[in-house]
Amino acid sequence: MVSSSDDDLVMRYLARLNQAASGMPADRRGELIEEITTHIKEAMAAQPAPRGGVATVLDQLGSPEEIVRSAGTGLPGTAPSGSGDALGAVEIIAILGLLIGGIVLPVVGWLAGVVLLWISPRWKAGDKLLATLVWPGGLLAPVVAFLVLGAAATFTVGSVCGATYSGSGPEVTTQCTPPPIPPWLAITLAVVVMVAAVAGPILVAIRLIRQARRAVALPEEADPDLLTTPLTA
Amino acid sequence: MVAGDAQNLAAQNLVAQMRRGVLPYCVLAMLRDSERYGFELVHSLGTTYGLVTGEGTIYPLLARLRRQGLVETSWRESESGPPRRYYRLSSGGKDALDEFSQSWRSLRTTVDALLDDDQGGLAGDVKDSIG
């Protein structure tokens, strides 16, 4: 029994198939769609009916895009351009923008890098997120960190001494409160922060470069005509 | 960890490639003894034998085999629905299947022998001579 929501599923699937096959010659496209349609009808008419109904049948068919790929025509416009090894201009400028854009053109330069980072098809979302968060501003971050640490240093590293006058007589007691953070600890922390601030963007940039240079996976190639190439070649 | 993942991926890719490579011959083999109709072929290869992840991808392959003259088709009426397209081997298809069969058995024997050797035949001999 086919419900109308089943019909919807099928219609949408076939519409996707039609769309995906738009690059195929018209006669082959028509034939493929007809065969898939018949397949679905056969599957639903089979005894026993498939568990899970139409959804299972469509699942077993696989995605329309996959089917069209196996027909040997590339999907229009979705294949990444360029060979596997060379970094594209987009990728190069993105990495430069992320690293030094913040210094060359504060805020704007780094933002430009971020935009190009996310536009590029070469990187996975996880890597893009990493590159955006470590660190905002790129190598501008260590510069900012340095300034902030410098300012903080005057408050935390030095002792704060004040002079107080005791009530009677001209005695002056100088009281120094020990620094809230021992100097050695403060210096260590500062060094750690600076190293992390500098290393972060650089390591991320290296990772981006390597990821972009990995051979880009091409859509499944059409099977060569195996049956016409000599088997013992 | 990264190297291991890359290698697993490569191994999976190889298996996928091998499946894709033998798939046309598996279709021919299924037609050796009797003719079958499209849905039957596709469902067997895809779901029963698990040779492809999407059954739909077999239809373009069938179309290609048809164009290459390795299978022939005919339409038959069926009581339970639309007319069905039946596939059968052509003589060219039979020849191709036989030739593949020979090559496959020879390759399979060689690879099996090498794999079995690995279990301690050759290597075991080397170890024995050292230890």
Side-chain angles (χ1 to χ4, degrees), chain A residues 13-14 16-17 20-21 24-25 27-47 50-51 56-73 207 210-211 214-215 217-218 220-233, chain B residues 2 6 9 13 16-17 19-25 27-28 37-43 46-48 50 52-71 73 75 78-85 92-93 95-104 106-107:
Chain A
Y13 184 89
L14 291 174
R16 265 174 70 193
L17 182 60
M24 287 174 76
D27 56 345
R28 289 196 204 170
R29 181 169 73 240
E31 189 180 62
L32 180 61
I33 295 180
E34 193 196 314
E35 286 180 325
I36 299 289
T37 307
T38 307
H39 175 106
I40 297 174
K41 287 196 197 140
E42 289 264 8
M44 293 308 292
Q47 296 300 330
R51 239 178 297 151
T56 307
V57 174
L58 296 181
D59 204 46
Q60 284 172 340
L61 271 176
S63 78
E65 292 76 24
E66 204 182 343
I67 296 177
V68 171
R69 259 208 300 270
S70 78
T73 59
R207 178 178 172 85
R210 283 161 91 187
Q211 294 296 96
R214 263 182 4 181
L218 297 170
E220 262 181 49
E221 295 285 314
D223 291 327
D225 274 356
L226 291 160
L227 299 167
T228 52
T229 54
L231 276 171
T232 48
Chain B
V2 175
L9 199 61
N13 277 342
Q17 276 180 34
R19 283 203 191 110
R20 277 203 298 277
V22 300
L23 188 60
Y25 300 102
V27 172
L28 298 182
Y37 64 99
F39 175 75
E40 205 189 351
L41 264 178
V42 162
H43 197 63
T47 301
T48 310
V52 288
T53 49
E55 291 178 357
T57 60
I58 303 178
Y59 285 103
L61 170 60
L62 290 174
R64 196 153 59 234
L65 291 175
R66 237 167 30 234
R67 284 197 297 274
Q68 290 168 333
L70 295 159
V71 299
T73 68
W75 290 91
S78 100
E79 320 86 30
S80 53
R84 288 172 171 169
R85 182 175 229 157
D95 291 342
L97 179 59
D98 289 339
E99 199 189 329
F100 168 78
S101 199
Q102 271 183 320
S103 304
W104 168 263
S106 147
L107 176 64

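Reminder, nothing fancy here: chain letters follow the sequence lines and each chain counts from 1.
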Under 4.5 Å to a heavy atom of chain A? For B:V42 that would be side chain
Heavy atoms of A:E66 and B:T57 approach each other most closely as O-CG2, 3.7 Å
Testing the 3.5 Å rule here: is there a donor-acceptor pair between the side chains of B:H43 and A:E42?
no
Correct closest heavy-atom pair for B:P60 and A:S70 would be CG-OG, 3.5 Å
Start with the C-alpha gap between A:E31 and B:R64, add the side-chain angles, then the distance that decides, and say whether salt bridge (Lys or Arg N to Asp or Glu O under 4.0 Å) holds. CA-CA 12 Å; A:E31 189 180 62; B:R64 196 153 59 234; over 6 Å; no
OG1 (B:T53) and CD (A:Q60) are apart, to the nearest 0.5 Å, by 12.0 Å
Contact between A:R28 and B:R67 at the side-chain level, heavy atoms closer than 4.5 Å - yes or no? yes
Exercise for review: Count the heavy atoms of every other residue, nucleotide or ligand shown that sit under 6.0 Å from CH2 of B:W104, and state whether that count exceeds 12.
Suggested key: no
Just wondering, do A:I36 and B:Y59 contact through their side chains at under 4.5 Å, heavy atoms? yes
